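Worksheet for the structure shown next.
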Amino acid sequence: MQQITVRTMHPDDYPALLRLWLATEGMHLNESDEEEPFVRCLERNDGLSAVAVGAGGEVLGSVLCTFDGRSGYLHHLAVTPALRGEGVARSLIEFSLERLAGNGVMRCNIFILADNVAGQAFWQHNGWSERPWRIMQHPLPRTDGGSTQRTSAD
Ligand SMILES: CC(C)(COP(=O)(O)OP(=O)(O)OC[C@H]1O[C@@H](n2cnc3c(N)ncnc32)[C@H](O)[C@@H]1OP(=O)(O)O)[C@@H](O)C(=O)NCCC(=O)NCCS
């Protein structure tokens, strides 16, 4: 079995993360996944997000974790197909939940697409429960001249 290390996600991981996310089923990206907002997200949520790396430092898994001052959120949980079923996602989630708890956060939420049946089964298997809420969203104007598109669940 390949040696895997879970470590804090860094801004420099962006190119490898983008490749992983683009190759992962059930992962929908939007303009918030461009490099500048990605780096801002890491800065505002220092040390909460994690990557799983192989012996050569290659990025093989990820979880992006945020805290809004009230609740925690996990986004972009992904493990490269060849490495699935070996507890990598569990380790990534534990990394972020431990750090959220260390910040006094009492609950953590995830967004998952309604048609990601395998993903929902994963979260339920790992003790996450569906809540009776629906997400509603309003786009904001971009300040950099780009356009905001509704292409993602979050
Ligand atoms: C979901 C995903 C992250 C799981 O990664 P993984 O590294 O294979 O998961 P783990 O090996 O850590 O599994 C942890 C536990 O969940 C179980 N599990 C894994 N995938 C599962 C699934 N699709 N349904 C139900 N249980 C699942 C494992 O059997 C293991 O159970 P155990 O602790 O009882 O032995 C991976 O399949 C993936 O990247 N999927 C595509 C992206 C996605 O859908 N992400 C989640 C929604 S955002």
Side-chain angles (χ1 to χ4, degrees), residues 1-68 71-103 105 107-131 133-135 137 139 146 148-154:
M1 194 168 82
Q2 189 176 168
Q3 186 194 329
I4 302 299
T5 304
V6 171
R7 64 156 172 81
T8 307
M9 187 183 286
H10 302 307
D12 289 353
D13 294 318
Y14 182 73
L17 285 167
L18 190 58
R19 280 195 297 276
L20 173 69
W21 295 339
L22 287 171
T24 299
E25 75 278 16
M27 189 81 30
H28 283 239
L29 305 182
N30 66 15
E31 58 279 349
S32 299
D33 297 299
E34 292 168 12
E35 186 163 13
E36 190 268 333
F38 165 79
V39 172
R40 188 174 61 226
C41 177
L42 290 191
E43 287 171 356
R44 287 175 61 98
N45 297 280
D46 190 29
L48 299 182
S49 299
V51 289
V53 296
E58 63 277 24
V59 171
L60 301 170
S62 71
V63 68
L64 189 59
C65 177
T66 61
F67 169 45
D68 63 10
S71 302
Y73 298 85
L74 300 184
H75 312 264
H76 295 2
L77 178 71
V79 173
T80 197
L83 207 59
R84 290 182 188 171
E86 297 185 13
V88 174
R90 190 188 313 117
S91 300
L92 288 163
I93 293 167
E94 280 172 8
F95 179 103
S96 290
L97 293 189
E98 277 174 19
R99 280 151 186 81
L100 285 174
N103 278 284
V105 182
R107 60 180 61 79
C108 185
N109 301 309
I110 58 131
F111 298 101
I112 186 156
L113 288 168
D115 64 3
N116 188 351
V117 175
Q120 289 166 43
F122 170 83
W123 290 108
Q124 281 167 345
H125 179 85
N126 289 281
W128 295 65
S129 56
E130 195 169 346
R131 305 298 295 149
W133 319 123
R134 283 186 179 248
I135 306 290
Q137 189 177 78
T148 304
Q149 299 167 22
R150 284 180 192 266
T151 56
S152 168
D154 60 356

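Quick note: numbers below take in every heavy atom, side chains included, and nothing from hydrogens, waters or symmetry partners. Just so it is clear, the model here is predicted, and its values are computed rather than measured.
Using cut-offs of 30° and 60° for the angle between ring planes, the W123 and W128 rings count as perpendicular.
A donor-acceptor pair is defined here as one N or O able to donate and one able to accept, closer than 3.5 Å; no such pair exists between the side chain of Y73 and the backbone of L64. Side-chain atoms of S49 come within 3.5 Å of backbone atoms of C65 as a donor-acceptor pair (strictly under, hydrogens ignored). Between the side chain of S96 and the backbone N or O of L48 there is at least one donor-acceptor pair closer than 3.5 Å. Put simply, the side chain of D13 gets close to the backbone of H10: a donor and an acceptor are under 3.5 Å apart. Between the S62 side chain and the H76 main chain, a donor and an acceptor come within less than 3.5 Å of each other. Remark: side-chain polar atoms of N103 are not paired, donor with acceptor, to backbone N or O of V105 under 3.5 angstrom.
Within the 4.5 Å cutoff, the side chain of E58 has no heavy atoms near those of the T80 side chain. Between H28 and F111 the shortest side-chain heavy-atom distance does not fall below 4.5 Å. Here the side chains of F67 and L100 are in contact, with some heavy-atom distance below 4.5 Å.
Annotation for L83 and Q2: closest pair CD1-NE2, 4.2 Å, computed over non-hydrogen atoms. For the residue pair L42 and P11, the shortest heavy atom distance occurs at CD1-N, 3.5 Å.
With respect to E94 and R90, no salt bridge is recorded, no charged nitrogen being found less than 4.0 Å from a carboxylate O.
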